[in-house]
Asker: 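Let me begin by handing over the structure; questions about it come next.
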Protein chains: 2
Amino acid sequence: MARPESISKSDLLQRLTAVFRSVGYEGASLAALSRETGLAKAALYHRFPGGKEDMARCVLAEVGRDMRGLVFSGLDGEGSPRRKLAVMRDGLALFYADGERSCLADLFSVEGTPATIRTPLAGGLKAWIAAVARVVEEAGIDPAEAARRSEDMVVRVQGALVVSRALGDTRPFRNVLARLVDDLLALP
Amino acid sequence: MARPESISKSDLLQRLTAVFRSVGYEGASLAALSRETGLAKAALYHRFPGGKEDMARCVLAEVGRDMRGLVFSGLDGEGSPRRKLAVMRDGLALFYADGERSCLADLFSVEGTPATIRTPLAGGLKAWIAAVARVVEEAGIDPAEAARRSEDMVVRVQGALVVSRALGDTRPFRNVLARLVDDLLALP
DNA sequence: GTCTATAGCCCGATAGAC
DNA sequence: GTCTATCGGGCTATAGAC
């Protein structure tokens, strides 16, 4: 039985994620993590014995699961490549709240973040690029070109999030999403 | 007369820049800024009475000047659009050390950085996009499409820096630069 | 203009009561 | 499992000697 008076593990992770996602690893103070979750610091240490690094690792794993659910999951099923990539695009819009959110791949890759967090992050990015490349190949694009386009797509999404944040305007992100499928599947 | 025993203003700003560029605004502690410049904290306060925020503002202004020198300067002169954009591309390779360096537009746009720094940053990004769009228009591309391509170029450069940093591999950055001019000037 | 020394605060992390 | 209280240390910033 779940104990309703206590915050659920999933809710807790979601709130921790929000903090790390807006201020990064070093910027996320235990005071802020405590405030945003409603748990005292000691309670956070009870749930995450490894402290802040432990929290960030769990957040990254949870975000990875969300990403797989919203973004990857459609890539493996049946359906045309165009349809699968369109599902991914819509998942990205949700995942990044239409460009309002930053990506942990950006915030967690800066110096000062522990390597135990940066390493799985790189793996996740590579997995994403590879999964998209497989779908692009299905559409008849040769493997080298498919890999190039997939990397370019991820580059554009990351860049659009940075530019949107820096300008305080989500149009760059929405512009990239609008062309994402066509750019991946364009004729050679 | 310059006093040779004291670090020059330009050298000082360059060393401060290196710190902010690798760890961001909040991550740049006065201890690190002091260590990397060889000046005691009190001496830094003598030169930058506004403290860390003052240093970051001066660093941003200096980086803006470097950017204008290396990246913008070629855009206004004579020469074909293709040649001018190629000069910009080579300037970018230098400016970002072939993808090894991060961009302040990324690091300084995260929450926690004072607005006095984030605001001029957004202006600089917009100016860059506009300057490139003018050259693309010179090549006969219509203004709306030129604006779109220029924004997309900046998006790609920013994204390539993020992905290169996250993967620990500068290939994404070099790939973007290799196609930058052709993508801007492609036939409609 | 640069230094050493330190104020005052917030940091990550822990002790121990309940 | 959560709390309050606190530790030692690093933080930004300043005082004051030279």
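Proteins come first, then strands; the chains are lettered A, B, ... in the order of their sequence lines, and each starts at number 1. Being a predicted model, the structure only gives us computed values, none of them experimental.
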Asker: Write out a two-atom table: protein N or O, nucleotide N or O from nucleotides 13-15 of chain C, distance below 3.5 Å.
Answerer:
unit_1	atom_1	unit_2	atom_2	d
C/dA13	OP2	A/Tyr45	OH	2.5
C/dA13	OP2	A/Lys52	N	3.3
C/dA13	O5'	A/Tyr45	OH	2.7
C/dA13	N6	A/Lys41	NZ	3.1

Asker: Whole angstroms only, please: what is the CG-P distance between B/Leu33 and D/dA13?
Answerer: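 That distance rounds to 11 Å.
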Asker: Is the shortest side-chain N to carboxylate O distance from A/Glu137 to A/Arg134 below 4.0 Å?
Answerer: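 So A/Glu137 does not pair with A/Arg134 through a salt bridge.
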Asker: Return the angle between end axes of the helix from C/dG1-D/dC18 to C/dC18-D/dG1, with five pairs used per end and rounding to 10°.
Answerer: 10°
Asker: I'd like to check the side chain to side chain donor-acceptor pair (under 3.5 Å) partners of B/Arg118; sequence neighbours left out, ordered by chain and number.
Answerer: none
Asker: Looking at A/Val110, is its backbone amide N or carbonyl O close enough to the side chain of A/Thr113 to form a donor-acceptor pair, meaning the two atoms are under 3.5 Å apart?
Answerer: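 Yes: the side chain of A/Thr113 pairs with the backbone of A/Val110.
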Asker: For residues 68-88 of chain A, run the donor-acceptor check on the side chains, cut-off 3.5 Å, and write out each pair with its distance to 0.1 Å, sequence neighbours left out.
Answerer:
unit_1	atom_1	unit_2	atom_2	d
A/Ser73	OG	A/Gly69	O	2.6
A/Ser80	OG	A/Arg83	N	3.0
A/Arg82	NH1	A/Asp182	OD1	2.9
A/Lys84	NZ	A/Leu75	O	3.4
A/Lys84	NZ	A/Gly77	O	3.1
A/Lys84	NZ	A/Glu138	OE1	3.2
A/Lys84	NZ	A/Glu138	OE2	3.2

Asker: Once you round it to whole Å, what is the distance between P of D/dT4 and NE2 of A/His46?
Answerer: 16 Å
Asker: Indicate yes or no: at least one non-hydrogen side-chain atom of B/Val157 is less than 4.5 angstrom from one of B/Trp128.
Answerer: yes
Asker: Looking at A/Asp152 and B/Arg179, is any side-chain nitrogen of the basic one under 4.0 Å from a carboxylate oxygen of the acidic one?
Answerer: no
Asker: May I have the step-by-step check of salt bridge (Lys or Arg N to Asp or Glu O under 4.0 Å) for A/Arg165 and B/Asp106, ending in yes or no?
Answerer: CA-CA 8 Å; A/Arg165 185 180 67 210; B/Asp106 178 13; 2.8 Å; yes
Asker: What residues form a salt bridge (charged side-chain N to carboxylate O under 4.0 Å, His left out) with A/Asp142, not counting sequence neighbours?
Answerer: none
Asker: Which ones in residues 18-29 of chain A lie close to DNA chain C, meaning a heavy atom under 4.0 Å from one of its atoms?
Answerer: A/Ala28, A/Ser29
Asker: Taking the side chain from A/Arg149 and the backbone from A/Leu184, do they hold a donor-acceptor pair closer than 3.5 Å?
Answerer: yes
Asker: Expressed as a whole number of angstroms, how long is the span from B/Leu44:CG to D/dA15:P?
Answerer: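 Spelled out: CG on B/Leu44 to P on D/dA15 is 17 Å.
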Asker: Would you say the side-chain atoms of A/Thr170 pair up with the backbone N or O of A/Phe173, donor to acceptor, closer than 3.5 Å?
Answerer: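 No, the answer is negative, given that no donor and acceptor are paired below the 3.5 Å cut-off.
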Asker: Could you state the atom-to-atom distance from CZ of B/Arg47 to C1' of D/dA13 in whole Å?
Answerer: 18 Å
